[in-house]
Amino acid sequence: MMIDVMKTSSSTFLEEQIFSDFIASDEIDISLNGLISEVSEMKNKYPSHNRTNVGGYQSPTFGSYIIRGENTCIEEDNTLVDFIKLKEIVIDFAQDYMVARNNILITSSTYNWWLNCNHYGHFNQIHTHRKTDLVGLFYIKTPPNSGKLKLIRNDGSQYSAIYRNTEYHLTPEEGRCYLFPGHLWHMVEPHGSDEERISVSFNMYVD
């Protein structure tokens, strides 16, 4: 229960909220059908990689070659016109948001992204994006029963009875991009539809 500072009998009482996190989202104006057509192209051209997916397909990581000493990415595929356009829009959205929120810049030259496709029963294990400053998730296709996105506090609060809300769950929407800090643990629940769930993950970094 929160203490009403205005009603406390102590004139010296102070309360300050600390260590808060965030998730922000907005709709992205881009052709979902155009992206879906390039999904098929990507699957035919590139074998699936295993990162966090249990089942399903994950593309190779496109973008900057070196991210703070981590593994290399592959060079961006210029035939994926709609995906490159999506990447640029997401970075612009992240840039505007982080300037307004924290007065910091997101670089447009250091980033990476990859495609996630899940069929019935497939999911993404709990993970973080390690040294990433900002994660973006854009959902191209979310049929009913797609499974919720879960963000989970990773500061040990789950072991304390003081904190009751250590997980945040949301049902992703098609055409919407979500931003949250790269250090947050997150996962996607098992997919419960015969139609494919399709999303794109982005790693972005402070300039």
Side-chain angles (χ1 to χ4, degrees), residues 21-46 48-49 51-63 76-77 79-98 101 106 111-127 129 132 134-152 167-182 184-204:
D21 278 311
F22 63 86
I23 182 165
S25 70
D26 201 357
E27 293 181 352
I28 298 294
D29 183 15
I30 194 168
S31 169
L32 298 182
N33 288 333
L35 290 167
I36 287 171
S37 68
E38 290 185 355
V39 166
S40 298
E41 179 184 339
M42 205 180 305
K43 286 181 177 178
N44 289 332
K45 188 179 292 188
Y46 302 103
S48 180
H49 289 231
R51 296 183 197 83
T52 65
N53 57 316
V54 177
Y57 172 87
Q58 284 189 312
S59 74
T61 302
F62 299 95
E76 203 143 50
D77 186 338
T79 67
L80 303 172
V81 176
D82 286 299
F83 274 93
I84 291 174
K85 180 181 177 183
L86 173 65
K87 177 260 298 182
E88 292 170 350
I89 294 173
V90 168
I91 290 175
D92 285 345
F93 168 42
Q95 184 72 275
D96 291 344
Y97 175 69
M98 294 308 295
R101 188 184 194 278
I106 296 295
Y111 62 84
N112 47 39
W113 63 269
W114 61 93
L115 174 69
N116 308 287
C117 299
N118 289 303
H119 293 280
Y120 183 85
H122 300 162
F123 63 96
N124 293 86
Q125 303 175 82
I126 186 170
H127 64 285
H129 289 202
T132 302
L134 190 68
V135 170
L137 280 177
F138 178 75
Y139 285 84
I140 299 173
K141 190 173 181 182
T142 56
N145 303 315
S146 284
K148 293 183 178 181
L149 170 65
K150 293 184 177 182
L151 303 182
I152 302 160
E167 294 187 8
Y168 179 81
H169 301 179
L170 67 84
T171 301
E173 299 177 18
E174 287 182 8
R176 182 168 284 270
C177 181
Y178 301 85
L179 304 176
F180 55 88
L184 280 180
W185 290 98
H186 56 284
M187 62 173 290
V188 181
E189 292 180 328
H191 187 43
S193 172
D194 291 331
E195 294 183 61
E196 197 171 34
R197 175 179 66 207
I198 306 174
S199 65
V200 190
S201 298
F202 298 87
N203 288 343
M204 291 171 281

Begin from the C-alpha positions of Y111 and K87 and carry the test side chain to side chain contact (heavy atoms under 4.5 Å, CB included) through to its verdict. CA-CA 9 Å; Y111 62 84; K87 177 260 298 182; 3.2 Å; yes
Excluding sequence neighbours, so at least two apart, what forms side-chain hydrogen bond (donor to acceptor under 3.5 Å, both in side chains) with [X]?
{"X": "E167", "result": "H169"}
{"X": "N116", "result": "Q58, W114, S199, S201"}
{"X": "N118", "result": "N124"}

L32 and E174: side chain to side chain contact (heavy atoms under 4.5 Å, CB included), yes or no, with the steps? CA-CA 9 Å; L32 298 182; E174 287 182 8; 4.3 Å; yes
In Å, rounded to the nearest 0.5 Å, how long is the span from [atom1] of [X] to [atom2] of [Y]?
{"X": "I198", "Y": "Y57", "atom1": "CD1", "atom2": "OH", "result": "11.5 Å"}
{"X": "T61", "Y": "H49", "atom1": "OG1", "atom2": "NE2", "result": "7.5 Å"}
{"X": "F93", "Y": "I28", "atom1": "CZ", "atom2": "CD1", "result": "6.0 Å"}
{"X": "C177", "Y": "I89", "atom1": "SG", "atom2": "CD1", "result": "10.0 Å"}
{"X": "M98", "Y": "L179", "atom1": "CE", "atom2": "CG", "result": "8.5 Å"}
{"X": "L151", "Y": "M187", "atom1": "CG", "atom2": "CE", "result": "11.0 Å"}

Closest non-hydrogen atom pair between [X] and [Y], with its separation:
{"X": "D82", "Y": "I30", "answer": "O-CD1, 3.4 Å"}
{"X": "S59", "Y": "L115", "answer": "OG-N, 2.9 Å"}
{"X": "G56", "Y": "S48", "answer": "O-OG, 3.8 Å"}
{"X": "G147", "Y": "P172", "answer": "O-CD, 3.8 Å"}

pair [X]-[Y]: side-chain heavy atoms closer than 4.5 Å:
{"X": "H122", "Y": "N53", "value": "no"}
{"X": "T132", "Y": "M204", "value": "no"}
{"X": "V39", "Y": "C117", "value": "yes"}
{"X": "Y178", "Y": "E173", "value": "yes"}
{"X": "K85", "Y": "V81", "value": "no"}
{"X": "F202", "Y": "N112", "value": "no"}
{"X": "L137", "Y": "V200", "value": "no"}

Can you run down the side-chain hydrogen bond (donor to acceptor under 3.5 Å, both in side chains) pairs that involve residues 24-34, sequence neighbours left out, and say none if there aren't any? S25-R176
For residues 135-145, the salt bridge (charged side-chain N to carboxylate O under 4.0 Å, His left out) pairs (sequence neighbours left out) are K141-E195
Any salt bridge (charged side-chain N to carboxylate O under 4.0 Å, His left out) involving residues 34-44? Give me the pairs, sequence neighbours left out, ordered by first then second residue.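 Every salt bridge (charged side-chain N to carboxylate O under 4.0 Å, His left out) pair that includes a residue of residues 34-44, provided the two are not neighbours, is E41-K45, K43-E196.
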Residue set satisfying side chain to side chain contact (heavy atoms under 4.5 Å, CB included) with S37, at least two apart, ordered chain then number -> none
Return the set of residues passing side chain to side chain contact (heavy atoms under 4.5 Å, CB included) with D21 (not counting sequence neighbours), or none when no residue passes.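 D21 satisfies side chain to side chain contact (heavy atoms under 4.5 Å, CB included) with P181, H183, L184 only.
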I'd like to check the ring pair (Phe, Tyr, Trp, His ring centres under 6.0 Å) partners of [X]; sequence neighbours left out, ordered by chain and number.
{"X": "F22", "value": "Y97"}
{"X": "Y46", "value": "F62"}
{"X": "F83", "value": "W113"}
{"X": "H186", "value": "H127, H129, F180"}

Taking atom CG of N44 as the centre, does the number of heavy atoms from other residues, nucleotides or ligands within less than 6.0 Å exceed 12?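 Result for CG/N44: enclosed.
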Do Y168 and K150 meet the criterion of a side-chain donor-acceptor pair at a distance under 3.5 Å?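 No, no side-chain donor-acceptor contact under 3.5 Å.
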Between V188 and K148, is a side chain to side chain contact (heavy atoms under 4.5 Å, CB included) present by the stated rule, with each step listed? CA-CA 6 Å; V188 181; K148 293 183 178 181; over 6 Å; no
Test side chain to side chain contact (heavy atoms under 4.5 Å, CB included) applied to F138 and L35, step by step: CA-CA 11 Å; F138 178 75; L35 290 167; 3.8 Å; yes
